[in-house]
There are 4 protein chains.
Amino acid sequence: MTVMGTARPAGRPRSERAEKAIVDATLDLIGEGTSVSELSIEAVAARAGVGKTTIYRRWANKEELVGDALATLKAPLPVVEGRTVREDLVAYLDVMRQDTLTLRTRCIMNIAMSEPDRHPNLYERFHKTAIEPRRAAMRAVLERGVATGELRPDLDIELAIGMLSGTMLWYTKGAAHNNTPLADDLAARIVDEALRGFLSR
Amino acid sequence: MTVMGTARPAGRPRSERAEKAIVDATLDLIGEGTSVSELSIEAVAARAGVGKTTIYRRWANKEELVGDALATLKAPLPVVEGRTVREDLVAYLDVMRQDTLTLRTRCIMNIAMSEPDRHPNLYERFHKTAIEPRRAAMRAVLERGVATGELRPDLDIELAIGMLSGTMLWYTKGAAHNNTPLADDLAARIVDEALRGFLSR
Amino acid sequence: MTVMGTARPAGRPRSERAEKAIVDATLDLIGEGTSVSELSIEAVAARAGVGKTTIYRRWANKEELVGDALATLKAPLPVVEGRTVREDLVAYLDVMRQDTLTLRTRCIMNIAMSEPDRHPNLYERFHKTAIEPRRAAMRAVLERGVATGELRPDLDIELAIGMLSGTMLWYTKGAAHNNTPLADDLAARIVDEALRGFLSR
Amino acid sequence: MTVMGTARPAGRPRSERAEKAIVDATLDLIGEGTSVSELSIEAVAARAGVGKTTIYRRWANKEELVGDALATLKAPLPVVEGRTVREDLVAYLDVMRQDTLTLRTRCIMNIAMSEPDRHPNLYERFHKTAIEPRRAAMRAVLERGVATGELRPDLDIELAIGMLSGTMLWYTKGAAHNNTPLADDLAARIVDEALRGFLSR
DNA sequence: TCCTAAGCGAGACGGTACGTCAAGTCTTAAA
DNA sequence: TTTAAGACTTGACGTACCGTCTCGCTTAGGA
């Protein structure tokens, strides 16, 4: 008699070694600058020392493979609970800045954000697992700021998130293009400017 | 013997019809949502009713073809000289918003901004002809604002540009993803929030 | 201690059901017109409801499987002991003709004789179990004919066998190709012509 | 203005070098004992130093390629017009015997005759270009023999053809199997036996 | 009643070849 | 010399089987 529930399916179980090798090969290739379109299953199979079938058996297409591969890298959301709203916001934005420092993360972001129309599922997944949590964390900080009176009570919180994240993204794009690192105090300067406003008073 | 000066080269002159057909076909395909990577010279040639050689003779690679094709669309920079800094900024940002309304522009932006690492020259050209002028125009407005005392004298103007453009870009990305149009008053709300600052006073 | 002799090997005995299912599936597929080269072990296993391993455990390769499968069909050699040499020869040749009437036998012959170079063992077996006995039977008839004086004393018996069998084979080939049945009296006509000779006297 | 008739099609003409290389590679491989089923387009392409497309552009499938390849080898039908029917028949049969002496011809025959059901078009072509002409030549000889009174007036000519060719084929099969050469005087012995008949008078 | 050994179906494994497609280059006759 | 057409080599695509290998389970005889 067998214990009910998730009965192990018949036949030889899929090799975890193979799976890992495939994912690693995919990430390697992406890390070397291969775009999703350029990434060939054949190359992944060769690099992983695996038959093509073994890849096709698990993933229906490149997108899903890349999606799963990127998912294994999901960096943990930093938990920053500082004393002031400003400190927290700076911390969150600075994480975004630091992400751009490692080649791998840069490549991944490039991939994930590059062709939302072309690889919608990919973008969707990236959005759910990477963007949305960060947005939520930032929202919490801003709402706390409004609650404590630190921030304007009529502040459009979604808009504020957009301003902070969008600005950092703008710089990230530029930095990726110029291949120059972002200034250490960039996050602080963005937050300060946003908090204070441009007007003279 | 040939007449000196801008001597007309020997042989059959290049067909302008062919050139135009090629560029049109390229734009058509891009407008239909074909990414740069997916865009096949074969398809362009077929659509244009032209031999592949005729394309390769004029452009060394896809990038240059796409670059030239996009260049023919360069929308004129709007000349907005309003009464206040706020009005001008809103006007500029709103042009960006309106750009997202037409499918073709959306596709082009997607293409141009999608893979800076993959197609650096393409991004470079787009940057020079589309982004830099807009940035310059915005910079002029902000400098005028500082000069007139409307804006803080210590305002980091580059950062301010980044905040305004980046925020709009952030929304544009989101809208492209959700396929929802941007609110009519978005530009105004961004500018107002930026001018005022988030703080309570 | 075990009883000496053909000691039953340890472990679970091989399933006769499986063996039969495999052979039947093989014959079915061959009967449906699958050539040896086209015959896939995978298909046999699927048709037999059996794991591939179960096949490979018993047969080293396709040839042996097909050989054993065909061997199970070995039709009994007809025993014809007529009054005259002519009657016996006609009887033997007519058996060959009748063999071509059933699809299965036709397929089998096709297979067995098709690629002696490719599947030498297969041909060898077919030769030993099907051709050689018939040849021997025919040889006996001819030798009896020579002994009784019915046939020329200097008749080259091997050659005579070749003429009779080869002629029938020639017709069989042609019939397989045109998909037309062989005439009922073909065997008799071949034998008569062979016995009499072509010359006018 | 173009000369009418078989107007040369536009574009680069197909390379005769490539065509020849492909056919040669095919014949080489067949000559090395590769069966039709085993023959892989990939191998032909590699051996010929040619892209697979170049093969598929010209031939829809293996059969047609092999057919055309074999067709280039079509040995000329020997013209034998001897003094007697016997001499002519012996000459024709001996050509068949000699064909079995060269490896290449043996392979080709094997291929061509091996799987009529599997490669019907191939067999059809072989039949039309190789078998039918020989049959016709032999028929002419036999009819001449009947006309001159050398042969029985009621001789079944088609049957006679079958007896002569079939017998030689029977020996050919056997020789291919045993890898022993056919006796030099085989053709003569077959013809003599056939002309004379088996009976004692 | 267990233990040991082998067979069982299932199905994953690394491969090879398939036939298709597009890449970018080359070669022709005509313009 | 450029044109359109279309051949060229190259290489990835996704599929089908190959023959081997693991799984957990079954089936038997002997301890």
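Convention: sequence-line order gives letters A, B, ...; per-chain numbering from 1.
For R12(D), taking side-chain heavy atoms from C-beta onward, the closest of the listed nucleotides dT9(F), dC8(F), dA22(E) is dC8(F). Here the nucleotide nearest the side chain of S40(C), chosen from dC8(E), dA23(E), dC18(F), is dC18(F). Ranking dC8(E), dG19(F), dA22(E) by closeness to the I41(C) side chain, first place goes to dG19(F).
S40(C) meets the side chain to side chain contact (heavy atoms under 4.5 Å, CB included) test with E42(C), A43(C); sequence neighbours excluded.
Along DNA chain E, the nucleotide nearest to E42(D) and the one nearest to A48(A) differ in position, and the one closer to the 5' end is contacted by A48(A). With the nearest nucleotide of DNA chain F identified for both K62(A) and A43(C), K62(A) has the one nearer the 5' end. For V50(C) and N61(D), each mapped to the nucleotide of DNA chain E holding its nearest heavy atom, the one lying further toward the 5' end belongs to V50(C).
Going from atom CZ of R14(A) over to atom P of dA10(E) covers 17 Å, rounded to whole Å. For the pair R17(A) CZ and dA12(E) P, the computed distance is 17 Å after rounding to whole Å. Taking atom CG of residue L65(C) and atom P of nucleotide dC18(F), one finds them 11 Å apart after rounding to whole Å.
Counting only heavy atoms from C-beta outward, the side chains of L70(C) and L27(C) approach each other to under 4.5 Å. At least one side-chain heavy atom of I22(C) sits less than 4.5 Å from a side-chain heavy atom of W59(C).
Taking the charged nitrogens against the carboxylate oxygens, E19(D) and R58(D) do have a contact shorter than 4.0 Å, which makes a salt bridge. With respect to K62(A) and E38(A), no salt bridge is recorded, no charged nitrogen being found less than 4.0 Å from a carboxylate O.
Side chain of T54(C) to main chain of V50(C): no donor-acceptor pair is present (N/O by atom type, distance under 3.5 Å, no hydrogens or angles).
At a non-hydrogen distance threshold of 4.0 Å, K52(D), T53(D), T54(D), R57(D), R58(D) from residues 52-59 of chain D come into contact with DNA chain F.
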